[in-house]
Amino acid sequence: MGSSSDYASSKVPEYVLASGGRRMPLLGLGTASSPPVGSEATKPAILHAIKLGYRHFDSASMYQTEQPLGEAIRETLSLGLIESRDDVFITTKLWPTEAHADLVVPALRKSLENLKFEYVDLYLIHWPVSAKPGDLVYPIRKEDFLPMDFKAVWGAMEECQRLGLTKSIGVSNFTIKKLTDILAIAKIPPAVNQVEINPVWQQKKLREFCRAHNIFLTAYAPLGAKGTLWGSNQVLESEVLKEIARAKGKTVGQICLRWAYEQGISVVVKSFNHERMKENLEIFHWSLSEEELKKIEEIPQYRICRGEDYISSYGPYRTEEEMWDGEL
């Protein structure tokens, strides 16, 4: 096996998910672009990521990246950069328009058709809300939002795992209250909750809850999602983080990713810039001091992704308070 595989296995630690038993690399490449970019940009970036050592890829039906992701992985298989489909960890997600009991399995089958694979490693409910069935659209029309039937939708997610279409199932953007609702009815508990976590939104209570219930956390927007339609420069422009980065000879991005790793969570970070993709992998052979961790812990907290696009007077969440159950 070539050096890229050696790099991946030696550089990116893994976590064995409670349900399904798959090994999730703790650093993944996000594929969402806001606004979206075409497959002509996505596929080469994924190819380059695999050459660098990335083995965990985060997609969603809404991102329109499943097809180029599948193409890139098959190309690296043919080039011998990876030995088998099992060498990569693929996450995809269920969009609110598909979040209905009878549409969940077909939605995952459609994602698998896009990827041209027989299974994904992790299938997530993208947001804790449903919408009128129809095309994959973003933003969803405000009048189309509907309350999610958690029991029925989660039952269909469990069926996806039983059918072997996904190795594990989980959720995204779920609060402690919403996780509690799922746990109360689940036969297969969620393996993962993917949420915003970064030094300016550390989610301490949610981290404690998930640890206690064996739900593994994955952080999106670990650098604040600067450059997206909803992101912020608050993380990368933090004076505390800049000071630590200067002292350690690292980038602010590396400080954020290392901090997340030291909290015992995984991260998906989106960058198609070759130099940053390489820098983001270089976080596993140094550590933050107790003093540095304490400084980060004291950073004022602010939720960046506020979910405004999923709040509607027609839907179940009319305010940010209701969307996040007071976790603001």
Side-chain angles (χ1 to χ4, degrees), residues 3-4 6-15 24-30 32 34 45 48-49 51-56 58 194-208 210-211 216-228 230-306 327-328:
S3 62
S4 64
D6 297 340
Y7 188 94
S9 59
S10 64
K11 300 290 184 183
V12 183
E14 298 171 326
Y15 176 86
M24 174 195 272
L26 294 179
L27 180 71
L29 185 77
S34 175
H48 187 70
K51 288 172 185 172
L52 286 174
Y54 286 88
R55 294 295 180 269
H56 173 181
D58 183 79
Q194 186 182 121
V195 294
E196 178 195 344
I197 301 179
N198 52 57
V200 307
W201 191 243
Q202 297 180 19
Q203 300 258 46
K204 290 176 195 172
K205 286 183 181 175
L206 181 64
R207 278 164 33 209
E208 287 168 12
C210 288
R211 196 175 298 120
F216 195 59
L217 276 170
T218 295
Y220 71 73
L223 313 183
K226 183 183 176 184
T228 67
W230 55 268
S232 165
N233 65 359
Q234 281 183 276
V235 178
L236 293 177
E237 295 300 322
S238 161
E239 288 304 323
V240 172
L241 297 173
K242 283 181 176 179
E243 181 191 322
I244 294 170
R246 278 194 297 269
K248 296 196 93 68
K250 305 294 180 185
T251 68
V252 172
Q254 287 174 320
I255 298 299
C256 293
L257 297 176
R258 178 68 200 188
W259 170 83
Y261 172 64
E262 291 192 20
Q263 307 314 303
I265 62 176
S266 64
V267 296
V268 291
V269 59
K270 157 63 176 61
S271 179
F272 288 176
N273 174 288
H274 286 195
E275 188 54 38
R276 283 199 291 275
M277 288 164 76
K278 182 172 178 290
E279 284 175 358
N280 291 342
L281 281 171
E282 294 169 350
I283 63 164
F284 298 112
H285 297 291
W286 52 275
S287 60
L288 295 163
S289 69
E290 287 297 321
E291 186 185 351
E292 288 162 343
L293 288 168
K294 191 169 190 310
K295 284 180 182 175
I296 294 172
E297 194 174 327
E298 290 168 354
I299 291 173
Q301 295 296 287
Y302 177 83
R303 183 187 285 278
I304 294 170
C305 181
R306 306 190 78 80
E327 295 175 21
L328 289 166

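Reckoned from all heavy atoms, side chains included, excluding hydrogens, waters and symmetry mates. Everything numeric here is computed off the predicted structure, so don't read it as measured data.
- Between the Glu237 side chain and the Lys242 main chain, no donor and acceptor come within less than 3.5 Å of each other.
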Note to self: Using side-chain contact (heavy atoms from CB on, under 4.5 Å), reason through Val268 and Gln194 one step at a time and then give a plain yes or no.
What the structure shows: CA-CA 9 Å; Val268 291; Gln194 186 182 121; 4.2 Å; yes
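- Contact of the Leu29 side chain with the Val269 side chain is not registered, since no non-hydrogen atoms from C-beta on lie closer than 4.5 Å.
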Next item on the list: Step by step, work out the side-chain contact (heavy atoms from CB on, under 4.5 Å) result for Ser266 and Tyr15.
Entry: CA-CA 8 Å; Ser266 64; Tyr15 176 86; over 6 Å; no
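- Looking only at distances, no side-chain donor or acceptor of Glu196 sits under 3.5 Å from a matching main-chain atom of Trp201.
- For the atom pair CG of Leu27 and CD of Glu282, the computed distance is 11.0 Å after rounding to the nearest 0.5 Å.
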Checklist line | Worked verdict on Leu217 versus Val195 for side-chain contact (heavy atoms from CB on, under 4.5 Å) | finding: CA-CA 7 Å; Leu217 276 170; Val195 294; 3.8 Å; yes
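- Contact of the Leu241 side chain with the Cys256 side chain is registered, since non-hydrogen atoms from C-beta on lie closer than 4.5 Å.
- Atom CD of Gln301 is separated from atom CG of Leu328 by 12.5 Å, given to the nearest 0.5 angstrom.
- A donor-acceptor contact shorter than 3.5 Å is absent between the side chain of Glu279 and the backbone of Gln254.
- The closest side-chain heavy-atom distance from Asn280 to Ser271 is below 4.5 Å.
- Listed by first and then second residue, the ring-ring contact (aromatic ring centres under 6.0 Å, His included) pairs involving residues 244-269 are Tyr261-Phe284 (not counting sequence neighbours).
- Every side-chain hydrogen bond (donor to acceptor under 3.5 Å, both in side chains) that Glu14 has, sequence neighbours left out, goes to Arg23.
- Under the 4.5 Å side-chain criterion, counting only non-hydrogen atoms from C-beta, Trp286 is in contact with Lys250.
- To the nearest 0.5 Å, atoms OG1 (Thr218) and CG (Asp58) are separated by 8.0 Å.
- Salt bridge Glu292/Lys248: present, at least one basic N to carboxylate O contact under 4.0 Å.
- The side-chain heavy atoms of Val12 and His56, taken from C-beta on, include no pair separated by under 4.5 Å.
- Ala260 approaches Val267 most closely through the heavy-atom pair CB-CG1, 3.4 Å.
- Minimum interatomic distance between Val240 and Ile296 (heavy atoms only, all atoms of both residues): CG1-N, 4.5 Å.
- Counting heavy atoms from C-beta outward, Glu297 and Leu293 have side chains that stay 4.5 Å or more apart.
- In terms of modelled atom types and a separation under 3.5 Å, the side chain of Tyr54 and the main chain of Met277 share a donor-acceptor contact.
- Annotation for Lys205: atom NZ does not count as buried by contact number, only 12 or fewer foreign heavy atoms lying within 6.0 Å.
- For the side-chain contact (heavy atoms from CB on, under 4.5 Å) test, residues two or more places apart in sequence or in another chain that qualify with Glu243 are Arg246, Lys295.
- Cation-pi geometry between Arg306 and Tyr302 is satisfied (NZ or CZ under 6.0 Å from the ring centre, within 45° of the ring normal).
- Formation of a donor-acceptor pair under 3.5 Å by the Arg55 side chain with backbone atoms of Pro25 is not found in this model.
- To the nearest 0.5 Å, atoms CD (Gln203) and CD (Glu208) are separated by 11.5 Å.
- For the atom pair Ser238 OG and Ile255 CD1, the distance stands at 11.0 Å (nearest 0.5 Å).
- Minimum heavy-atom separation, Gly30 to Phe272: O-CE2, 3.8 Å.
- Salt bridge status for Lys294 with Glu290: absent, with no side-chain N to carboxylate O gap under 4.0 Å.
- Lys278 NZ to Lys51 NZ: the interatomic distance, rounded to the nearest 0.5 Å, is 16.0 Å.
- One N or O on the side chain of Arg303 and one on the backbone of Glu327 form a donor-acceptor pair closer than 3.5 Å.
- Of the candidates Leu223, Ile304, Leu236, Ile304 is the only one forming a side chain to side chain contact (heavy atoms under 4.5 Å, CB included) with Asn198.
- For Glu262 (side chain) and Leu257 (main-chain N/O), no donor-acceptor pair under 3.5 Å exists by modelled atom type.
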